[in-house]
Amino acid sequence: MSTASPAPYRVALLGYGLAGAAFHAPLIATTPGLRLAAVVTANAERRARLAEDHPQAEALTNPEQLFDRAGDFDVVVIATPNRTHLPLARAALTAGLATVVDKPLAVTAAEARALCGLAETRGTLLTVFQNRRWDNDFLTVRKLVAEGALGRVHRFESRFERFRPKPKAGWRELADPAEAGGTLYDLGSHLVDQALTLFGPVSSVYAEIDVRRDGAVVDDDAFLALTHAGGVRSHLWTSALAPLAGPRLRVLGDTAGYVKFGMDPQEADLRAGLRPDTHRPWGAEDPAQHGTLGTDESSTVLPTEPGDYPAFYAGLAHALATGTPPPVDPQDAASTLTILEAARHSAATGQTVALG
């Protein structure tokens with residue numbers, strides 16, 4: 001009887017900018033059961049970097065080359081500008097290819113739901129790269145909530161704040177709504193997804209969304225207040241103009257609270273060229289960054305759970321092999337977009353938006 005391992009799933013990556021080069025490519029390449037077979041990029045500089053980083057991967061010039069050879073691949077990963085997510089995902093699903101889309105899944109909730117419907121109709125896997133579900137701080141909070149260590153949680157505060165006072169060139173700084181640029185869709189997608197994952201559906205949304213930086217034409221500062229159907233209130237901040245960052249997370253229960261400063265180290269490590277298969281222990285942070293659990297009268301430093309971005313692609317490989325659900329339900333991404341749309345409406349009208 002043969003004991004040979006099954007051939008790895010052949011992955012084609014669309015895009016080799018920051019998301020493709022720093023996040024997706026190294027995570028795919030180091031996941032057992034997956035093989036980075038091809039990367040689509042027309043940029044000569046990025047093709048040269050690809051040849052250096054992943055010499056075994058074939059360089060393709062455009063998506064048409066990929067879809068003309070759909071039978072040569074098993075999975076498509078879409079790490080391109082937001083406005084292209086819908087047409088590329090539609091093409092991949094129509095070609096019968098399992099499809100991973102970087103967040104946000106689409107520009108609108110209606111488009112996201114349409115993609116979910118197409119995937120279901122065709123019986124093809126669709127999932128969304130919500131990597132910050134595997135941030136160290138979020139994994140720690142998820143564990144605390146699951147264990148009941150905070151008692152009954154009533155408030156969740158979460159921030160992704162940066163200090164980038166001068167807008168950078170690129171599509172994320174373009175005002176055209178079709179680009180889905182700005183910090184609300186960029187980092188707000190993560191903040192809302194984390195809140196929904198922890199505390200479930202939202203019944204109302206209030207938001208303040210602003211353009212603060214000189215020369216900026218797209219939102220760069222936002223606050224969202226979500227009321228969950230279960231009673232928890234989530235307060236979420238994202239900003240490109242925060243010279244002093246607040247706590248990354250503060251979670252309040254009726255018996256204890258948890259507060260954490262500082263960012264998960266995985267993004268910085270990946271951008272520095274470190275890889276999960278060679279940098280050990282992966283996802284571990286400096287103990288000086290650990291959070292605090294307890295009350296003002298009695299508290300302790302709580303070691304942070306290791307971050308685990310590789311878990312997303314390990315979950316994808318498992319789903320492909322077993323037919324089980326993918327690591328992120330794409331309907332979750334549609335729910336996130338529904339909340340982001342409600343936030344825009346709230347900010348424009350000054351009113352709280354009720355959700356069905």
Side-chain angles (χ1 to χ4, degrees), residues 9 11-15 17-20 22-25 27-28 31 34 74-94 97-135 138-139 142 160 172 179-181 184-198 200-202 238 266-267 270 307-320 324-341:
Y9 294 99
V11 181
L13 171 61
L14 280 158
L18 172 62
F23 287 88
H24 293 280
L27 293 174
I28 294 165
T31 298
L34 300 181
D74 304 297
V75 183
V76 168
V77 175
I78 299 169
T80 53
N82 292 346
R83 72 181 303 151
T84 67
H85 288 184
L86 175 67
L88 291 175
R90 186 189 292 128
L93 292 168
T94 301
L97 293 165
T99 304
V100 177
V101 185
D102 208 321
K103 60 79 196 165
L105 174 56
V107 173
T108 71
E111 292 174 352
R113 289 191 291 268
L115 284 176
C116 293
L118 177 61
E120 185 174 355
T121 298
R122 300 193 65 85
T124 304
L125 182 148
L126 172 65
T127 190
V128 184
F129 187 64
Q130 292 284 356
N131 59 299
R132 292 198 179 275
R133 290 191 186 188
W134 291 273
D135 272 4
F138 181 74
L139 291 174
R142 197 169 189 178
F160 283 132
R172 286 186 178 85
E179 298 287 353
L184 181 68
Y185 273 73
D186 184 17
L187 297 177
S189 294
H190 289 305
L191 291 168
V192 172
D193 178 72
Q194 289 185 341
L196 289 175
T197 300
L198 284 173
V202 166
T238 176
Q266 294 177 94
E267 176 177 350
L270 287 167
D308 195 12
Y309 289 175
F312 175 86
Y313 276 109
L316 174 67
H318 179 74
L320 291 168
T324 51
V328 175
D329 185 339
Q331 292 286 358
D332 293 350
S335 297
T336 291
L337 284 162
T338 297
I339 292 171
L340 296 181
E341 290 173 352

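Worth saying up front: this structure is predicted, and the values here are computed from it rather than measured.
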- Query: Which is it for Phe312 and Val100 under the side-chain contact (heavy atoms from CB on, under 4.5 Å) test, yes or no, and what are the steps along the way?
  - Reply: CA-CA 11 Å; Phe312 175 86; Val100 177; 3.9 Å; yes

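Atom CG of residue Leu126 and atom CG of residue Leu97 lie 12.0 Å apart, to the nearest 0.5 angstrom. A distance of 12.0 Å separates CG in Asn131 from CZ in Phe138, rounded to the nearest 0.5 Å. For the atom pair CG of Leu27 and CZ of Phe129, the computed distance is 5.5 Å after rounding to the nearest 0.5 Å. Here the CG-CZ distance, from Leu105 to Arg113, works out to 11.0 Å after rounding to the nearest 0.5 Å. Summarising the geometry, atom CG belonging to Leu93 is positioned 10.0 Å from atom OG1 belonging to Thr121; distances are rounded to the nearest 0.5 Å. Once rounded to the nearest 0.5 Å, the distance linking CG of Asp186 with OG1 of Thr238 reads 7.0 Å.
Scanning all heavy atoms of the two residues, the minimum distance from Ile28 to Val77 falls at CD1-CG2, 4.0 Å. Shown here for Leu14 and Thr80, the closest heavy-atom pair between the two residues is O-CG2, 3.4 Å. Between Ala98 and Leu320, the shortest heavy-atom distance links the atoms CB-CD2, 3.8 Å. Between Leu13 and Gly20, the closest heavy-atom pair is CD2-O, 3.6 Å. Residues Asp135 and Gln194 approach most closely at OD2-NE2, 4.2 Å, considering heavy atoms. Minimum heavy-atom separation, Tyr185 to Lys103: O-NZ, 4.1 Å.
You'll find the side chain of Asp102 stays beyond 4.5 Å of the side chain of Phe23, heavy atoms only. Considering only heavy atoms from C-beta on, Arg142 comes within 4.5 Å of Leu198 through its side chain.
Proximity of a side-chain donor or acceptor of Gln266 to a complementary backbone N or O of Tyr309 within less than 3.5 Å is detected. Between the Arg122 side chain and the Thr94 main chain, a donor and an acceptor come within less than 3.5 Å of each other. Judged purely by atom type and a 3.5 angstrom limit, Gln130 has no side-chain atom pairing as donor or acceptor with the backbone of His190. Side-chain atoms of His85 do not come within 3.5 Å of backbone N or O of Val101 as any donor-acceptor pair. Of the possible polar contacts, none joining the Tyr9 side chain to the Val75 backbone as a donor-acceptor pair under 3.5 Å is found.
For the side-chain contact (heavy atoms from CB on, under 4.5 Å) test, residues two or more places apart in sequence or in another chain that qualify with Leu86 are Arg90, Glu111, Leu115. Scored by the side-chain hydrogen bond (donor to acceptor under 3.5 Å, both in side chains) test, Asp193 finds Arg133 as partners (sequence neighbours excluded).
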Tabulate below the donor-acceptor pairs under 3.5 Å that side-chain atoms of residues 333-340 make, not counting sequence neighbours, or state none.
| from | atom 1 | to | atom 2 | distance (Å) |
| --- | --- | --- | --- | --- |
| Ser335 | OG | Gln331 | O | 3.2 |
| Thr336 | OG1 | Asp332 | O | 3.3 |
| Thr338 | OG1 | Ala334 | O | 3.0 |

